**Student:** 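The structure's right below; bear with me while I get my questions together.
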Amino acid sequence: MTGAEVRELERNEAYGFNLTEDGKVLLFTWYHVPGLSVALFQSGITDFARRCKAHKPSYAVINASALDQNSPAVAWLRSHAAESEVEDYNSWWGREIVPLYHDAGITGLAVATGDPNAPGELPGLPPELRFKVGYFPDLETSLAWQPK
């Protein structure tokens, strides 16, 4: 994505949002935040899902390649949270975020992980999920993926 193809919607110290000029792709970019907390992570993901609902892109992309891999947020995402009072990521995501993505009408959610072994499009998603999900090694691959 070049500057001519996208417009920046907002940026803060933790993340930013860009929308393609045609409105088809909303990009959420995480910046490196040492020790990223679960609360800030939840806030960012919720903000992104709400923007999807507001802008109604076909395709949502998260660039998570700069996330602090040793942060509490990433541990929580991977179900290794040390805080026992925190709800697990999948339950939270299913209850709080999926309905917003459904309201937005997205057809796919791609995540650029920075992991060269990212699995690609996930098979066997629950039938109640009305969009495809894929995890990819980099932003370029995430943007090129076209969910079918």
Side-chain angles (χ1 to χ4, degrees), residues 1-2 5-6 9-10 14-33 35-148:
M1 296 173 86
T2 65
E5 298 171 339
V6 299
L9 299 176
E10 184 182 329
Y15 52 83
F17 302 104
N18 291 289
L19 184 66
T20 56
E21 290 297 333
D22 63 9
K24 291 184 179 179
V25 179
L26 184 62
L27 172 63
F28 174 35
T29 302
W30 280 106
Y31 305 130
H32 185 79
V33 176
L36 181 67
S37 70
V38 171
L40 182 53
F41 185 82
Q42 288 176 315
S43 176
I45 296 294
T46 302
D47 194 4
F48 179 60
R50 287 180 178 149
R51 286 174 190 268
C52 285
K53 185 176 175 181
H55 291 282
K56 305 245 186 257
S58 302
Y59 190 48
V61 178
I62 299 173
N63 184 354
S65 60
L67 284 176
D68 176 0
Q69 296 302 304
N70 297 313
S71 69
V74 172
W76 178 65
L77 178 65
R78 294 181 177 153
S79 299
H80 301 296
E83 305 166 30
S84 60
E85 70 278 358
V86 176
E87 178 182 20
D88 75 271
Y89 173 79
N90 289 329
S91 296
W92 172 82
W93 188 77
R95 186 187 70 255
E96 298 293 327
I97 305 304
V98 168
L100 295 170
Y101 287 151
H102 284 165
D103 288 347
I106 64 170
T107 60
L109 170 66
V111 180
T113 65
D115 178 355
N117 299 312
E121 184 174 325
L122 299 180
L125 294 172
E128 63 271 10
L129 208 60
R130 298 191 306 255
F131 54 91
K132 303 286 185 182
V133 177
Y135 291 89
F136 301 95
D138 53 50
L139 182 57
E140 293 76 23
T141 308
S142 297
L143 290 167
W145 175 60
Q146 295 298 312
K148 299 181 181 23

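Since the structure is predicted, the reported quantities are computational estimates derived from the model, not experimental observations.
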**Student:** Side chain of His102, backbone of Arg130: donor and acceptor closer than 3.5 Å?
**Tutor:**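 A pair under 3.5 Å: yes.
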**Student:** Which pair of heavy atoms, one from Ala66 and one from His32, lies closest together, and at what distance?
**Tutor:**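 Closest heavy-atom pair between Ala66 and His32: O-ND1, 3.0 Å.
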**Student:** Quick check against the 3.5 Å criterion: does Thr20 have a side-chain atom that pairs as donor or acceptor with the backbone of Glu5?
**Tutor:** no
**Student:** Between Trp145 and Leu109, what is the shortest heavy-atom contact and its length?
**Tutor:** CZ3-O, 3.6 Å
**Student:** Just how far is it from atom OH of Tyr15 to atom CG of Leu27, taken to the nearest 0.5 Å?
**Tutor:**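 Reported to 0.5 Å precision, the distance equals 14.0 Å.
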**Student:** Minimum heavy-atom separation for Ala118 to Tyr135, with atom names?
**Tutor:** CB-O, 3.4 Å
**Student:** A side-chain contact here means heavy atoms from C-beta on lying under 4.5 Å apart; do Leu125 and Val133 qualify?
**Tutor:** yes
**Student:** Using modelled atom types and a 3.5 Å cut-off, is there a donor and acceptor pairing between side-chain atoms of Lys56 and backbone atoms of Asp103?
**Tutor:**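 Flag set: sc Lys56 to bb Asp103 pair under 3.5 Å.
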**Student:** Compare every heavy atom of Phe41 with every heavy atom of Leu36, then report the nearest pair and how far apart it is.
**Tutor:** CD2-CD1, 3.9 Å
**Student:** Please answer whether the main-chain N or O of Ser58 pairs with a side-chain N or O of Thr107 as donor and acceptor at a distance below 3.5 Å.
**Tutor:**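 The answer is yes, because a donor-acceptor pair under 3.5 Å joins these two groups.
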**Student:** How close do Phe136 and Ser142 get, heavy atom to heavy atom, and via which atoms?
**Tutor:**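 Minimum heavy-atom separation between Phe136 and Ser142: CB-OG, 3.4 Å.
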**Student:** May I ask you to decide if Pro137's main-chain N or O and Asp115's side chain share a donor-acceptor pair within less than 3.5 Å?
**Tutor:** no
**Student:** When rounded to the nearest 0.5 angstrom, what is the spacing between CD in Glu96 and CZ in Arg50?
**Tutor:** 8.5 Å
**Student:** Taking all non-hydrogen atoms of both residues into account, name the closest pair between Ser37 and Ala73 and its distance.
**Tutor:**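 Looks like O-CB, 3.6 Å.
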**Student:** Taking C-beta and beyond as the side chain, do Leu19 and Val25 meet within less than 4.5 Å on heavy atoms?
**Tutor:**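 No. Closest side-chain heavy atoms not under 4.5 Å.
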**Student:** Is the backbone N or O of Gln42 less than 3.5 Å from a side-chain atom of Thr46, with the two atoms forming a donor-acceptor pair by type?
**Tutor:**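 Present.
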